[in-house]
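Counting convention: from 1, in listed order, for ligands and their atoms alike.
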Amino acid sequence: MFIDVHCHLTDDKLKGDLPRTVSEFKAAGVGRVINVGCCAESSAYAFKQAQEFPEIYFAAGLHPQELKDKDISEIYEIEKLCKAEKCVAVGEIGLDYYWDKTYCDKQKEFFLAQTELAYSLKLPLNIHVREAMGDAVKLIRDNKGKFCYGGVMHCFSGSRETARELLNLGLYISFGGSVTFKNSKTVKEVAAFVPKDRLLTETDGPYLAPEPLRGTVNSPKNVPIIAAKLAEIRGTSVEDIEIASEENAKRLFYGLK
Ligand code: NI
């Protein structure tokens, strides 16, 4: 089966007709999705959606873009959700300096605190990094003991050298729609380079729809398009990518059944 390790079924564009979204992705061969929260409210909603469909698992976390007015105590809400049976990761967490560089230290504080939460609960991480790769790699390297249950760099946009360092730190690399974009030379280079046992697939729906659907509402049904592109780049079959990415997802997110 195909697996979407990072999507947002809680988003307004997808949550309205969830039964249809689920039947569409099942028909496309996508057997499991990890529905990722970005704040306490969306994480609670992701939990609720996971109770409704056996194919949906979830992750709870505070996204770096959501932190500006947040108090660290909100992590207690996340902790409660992380103890639910179908919570397979803490996320999405990380660093994002793209929109706003005025609270980078606060982002690091929350990233680290949520990493410690994951460590205490023996959960892997679903990590988002945008325009902050240097700081993210440093934080991971300096605290690598706390990353021992692993994690995925979602929608990875760094260089091959950065990918190599993160792989050495035990992390997995996940590819989404950007691997299909015409101008994504670096992402394609990384997709060719990542070892077969560290490769994952995602959509980040409703965002980042792959070619030739770019600009439409993305959803987990599009994972096979991404797998086909990975197969083309790596000179292998789609089935090979499907099998490897399922094994990898179930190894990393061990709660995924
Ligand atoms: Ni996301």
Item to check | Charged tip of K221 within 45° of F25 ring normal and under 6.0 Å | outcome: no
Checklist outcome for this item: Of all heavy-atom pairs linking A60 and L81, the shortest is CB-CB, 3.9 Å
Checklist entry - Around the Ni ion (ligand 1), what protein N, O or S atoms are found below 2.8 Å? => result H6 NE2, H8 NE2, E92 OE1, D204 OD1
Checklist outcome for this item: Smallest heavy-atom separation, I56 atom then N35 atom, equals CG2-CB, 3.8 Å
Item to check | Sub-4.5 Å side-chain heavy-atom contact between Y103 and P64 | outcome: no
Item to check | Set of residues satisfying side chain to side chain donor-acceptor pair (under 3.5 Å) with respect to N183, sequence neighbours excluded | outcome: none
Item to check | Six-ring centre of Y57, K86 cation under 6.0 angstrom, axis tolerance 45° | outcome: yes
